[in-house]
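Report on the structure given below.
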2 protein chains.
Amino acid sequence: MGTEVYEGDCLNILRGLSTTTADLVYLDPPFCTQRRQSLSTRDRSKEFSFEDRWNSISHYASFLTERLKELHRILKPTGSIFFHCDKTASHVARLVMEEVFGARQFQSEIIWSYKRWSNSARKLLPAHQTILFYSKGPECKFNEILTDYSPTTNVDQILQRRSRDDSNKSVYARDRNGDVVYGGSKKGVPLSDVWEIPFLNPKAKERTGYPTQKPILLLERIIRLTTNEGDLVIDPFCGSGTTLVAAKLLGRSAIGIDISNEAVALTKQRLKEPVKTESALLMNGLDSYRNANGDAVSLLNGIPHIPVQRNNGIDAFLQETFEGVPIPVRVQRHGETLSDAAGTLYKAGKTKKARRMILIAVEDVPTLFDLGIPNEVEVVTSAALSIRRLIRHLNAEEKGFDETLESAE
Amino acid sequence: MGTEVYEGDCLNILRGLSTTTADLVYLDPPFCTQRRQSLSTRDRSKEFSFEDRWNSISHYASFLTERLKELHRILKPTGSIFFHCDKTASHVARLVMEEVFGARQFQSEIIWSYKRWSNSARKLLPAHQTILFYSKGPECKFNEILTDYSPTTNVDQILQRRSRDDSNKSVYARDRNGDVVYGGSKKGVPLSDVWEIPFLNPKAKERTGYPTQKPILLLERIIRLTTNEGDLVIDPFCGSGTTLVAAKLLGRSAIGIDISNEAVALTKQRLKEPVKTESALLMNGLDSYRNANGDAVSLLNGIPHIPVQRNNGIDAFLQETFEGVPIPVRVQRHGETLSDAAGTLYKAGKTKKARRMILIAVEDVPTLFDLGIPNEVEVVTSAALSIRRLIRHLNAEEKGFDETLESAE
DNA sequence: CGAAAATTTGAATCAGCCC
DNA sequence: AGGGCTGATTCAAATTTTC
């Protein structure tokens, strides 16, 4: 279905969308500015009344309610909604959401926290925003996202089994000899509701110039959490279009709406240009052998080398030369066959007049039957690959036969 | 004045306190979770519990409003109030506070975030609580609290003076020679409204066995922020008495109230011998737990594994098991012989009952003469090491002889 | 079929051994 | 005596079972 952007009041446009089609709604509505104005009477002579405030609040609340009801209608039964609220009105947002979606559908109050520069001394530095997460029904789509264990975690312990002692207290299971029994493997820690994501860096801000632009990482996380590929995402106050960009990057369809034609134009332009900002989440998913810095060349630690940034075939040159020419190195990509990797490296290396090249095998062990690996390309096995082979070998041995190791040579 | 504890409904007791005497109110009322909260002391000799069930939200709201009005009366004009709420009722709390104290008196929404133990798989793991900070009047007492700079901060830069250039742009001040002028020392970063404070540890000495007990550190921060020595702190739902303990430790007077006579007895007893646990995590920071093995473990990228931070012999466990026991992995350190590395790994692995262990050789190739490598330790060669050997081999070949490769085998 | 009670559960933290 | 590893303990939980 792709990505669509509409200009206008989202209420009208939402009314034209059909029922139960959307999987995710993200909204970041404009704040209740009326209220702020009425608050700041400069001379402080007039304490504004509760009634005044209620009038402006209830006006804002009904503005939201109308639109949320449409969004509720458009959502699939398994759909979710994320309401990004400003701190001055987060309780209003919560009340309105409880009214339209119901308290039982409340899932999480997500805290987006970030570091910020300021010299304000008379107040705590505001450094978070709140996102309310509700589902439409009891069965909502939810993809588990796992994070790393804390460095303080007792890793041996989480591999241990549990049992109960005499007084029914939960304890770690032990065998007849009193030794701890180890269980299966663990995957990681489930994502918490406090998300520390750096605020948009100033450079990126310069690019769109839109005031409330959100980091793409924030939207990516929301989209991955509650949708699958091909699902439909709706952002009724899309602003500079970050939601749509994130959705497109992740292969989701998306509809964006904004009342300002400037915002719509900006969004359309952003969508047209292939996005250069690399998606950290995507990269982690695709290249699982890269380290935290996204650096596959870390495998070369310990050898003098020069990393190459912008070459499709070569990841680094060794400082050591062969016949006076530097030696290019490539690390096999995830999902790339050894022959393909060798071909890519060979082609790139040839233009640099390299006489020898080195390919680091990460996925497959080279076999005698491997075709198309030129003589100039030496294949070296990464430690990870060696370990994988070793494990297979050990498991085969355990079963009393060995089918894997030898046949690979 | 010292510290006093009263038993009873705080509404009645507050009515007996005189107007404009308190500097700080901290309240942590029942959250409206609609369940019974209970916890027992470590030796299981005693179980504390309280009911947290309400007929309706509005019933809960009016319960709070009545008491907040009394608290408002008791506060000095420069006084502050901190309302500790959780996600199930934070919007109710906010509404009630706006009604009694007024929106203009809103100061901060403080997020207390912590890591927690849970098995949540179908939801985001709740890992924060909210504290609303309001003042009674426009001029409230506020003591600046500074924290450390983030490790990424350019400390040089923050010591530099600023001035304005011809076009009134803020630039770093320079002296006649064009050198940067360093100003006095900077003090630190102002405290933000997101407070990462560890949850009270199950084994902490500070722990009393009372449910919902707060860390003393949290209360200390609140008391420091808004009171001076000798000021009066009030906690109308004092529970196990953490607020009073913190106040006493900081030389503030305090009044605590609780409806349960058990809670009052516990508080009185705790005040006799205040115990505060030093959080090693907070004192030293998370980084102190991290080994310098980040680079090393990146060699394992591509294999499912769990990095181990707390063991000198083991860098990671593979998720794959051998004979039901996880396989530990160590990466040879720079300047460490293969035999030494194998010995360290073997010793650490044995205590974990590991049957097989993997050592990644980074510096030396194992030779027949390598002594002291136990049978259980499998040695695997890193790509970097393989490449070094290959280079030596190629260079030797180039010269017409081959002395290196074979002799190493 | 819902609500409440009973059961299962995972990982973070400090205390206290043990070298 | 001191620092590092190991073990104990827990859940303003989460999930399953019962009524």
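Every chain is numbered from 1, with letters handed out A, B, ... down the list of sequences.
- C/dT9 is unpaired under the criterion used here, namely a Watson-Crick or G-U wobble arrangement in which both key atom distances are under 3.5 Å.
- You'll find the ring centres of A/Y134 and A/F106 inside the 6.0 Å limit.
- Spacing between atom NZ of B/K115 and atom C1' of C/dA11 amounts to 11 Å, rounded to whole angstrom units.
- Contact annotation: B/R116 side-chain N/O to C/dT9 OP1/OP2 distance is not under 4.0 Å.
- For B/K203, the side-chain atoms get nearest to D/dG7 when compared with the rest of D/dG7, D/dT10, D/dA14.
- What separates NZ of B/K205 from C1' of C/dG16 is a distance of 9 Å, to the nearest Å.
- For the C1' atom pair drawn from D/dA13 and D/dT9, the interatomic distance equals 15 Å after rounding to whole Å.
- With respect to A/D193 and B/R116, no salt bridge is recorded, no charged nitrogen being found less than 4.0 Å from a carboxylate O.
- Within 4.0 Å (heavy atoms only), A/G188 reaches sugar-phosphate atoms of the nucleic acid but no base atom.
- Residue A/S150 is classed as a sugar-phosphate contact, given heavy-atom separations below 4.0 Å to backbone atoms only.
- When both distances must be under 3.5 Å, the Watson-Crick or G-U wobble mate of D/dA12 does not exist.
- Atom CD of B/Q129 is separated from atom C1' of D/dA12 by 7 Å (rounded to the nearest Å).
- One atom, CH2 of B/W117, and another, P of D/dA8, lie 18 Å apart when rounded to the nearest Å.
- Candidate nucleotides D/dT9, C/dA11, C/dA3 were compared by shortest atom distance to the side chain of B/P202, and D/dT9 ranks first.
- In this structure, of D/dA14, C/dA3, C/dC14, it is C/dA3 that holds the atom nearest to the side chain of A/R104.
- Here C/dT9 presents its P atom at 15 Å from CD of A/E144, a figure rounded to the nearest Å.
- C/dA11 atom C1' lies 15 Å from atom CG of A/L191, rounded to whole Å.
- Summarising the geometry, the separation between CG on B/N201 and P on C/dA15 is reported as 8 Å, rounded to the nearest angstrom.
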What's the verdict on side-chain hydrogen bond (donor to acceptor under 3.5 Å, both in side chains) for B/R94 and B/T130, showing C-alpha distance, side-chain angles and the deciding distance?
CA-CA 10 Å; B/R94 183 83 185 260; B/T130 306; over 6 Å; no
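- A/H128 and A/Y114 have their aromatic ring centers separated by at least 6.0 angstrom.
- The gap from the C1' atom of D/dA12 to that of C/dC14 amounts to 22 Å, rounded to the nearest Å.
- Among the protein residues, B/P29 comes within range of the nucleic acid bases, having at least one heavy atom under 4.0 Å from a base atom.
- Atom pair B/Y114:OH and D/dA13:C1' shows a separation of 11 Å (rounding to whole Å applied).
- The closest donor-acceptor contact from the side chain of B/R330 to the backbone of B/G313 lies under 3.5 Å.
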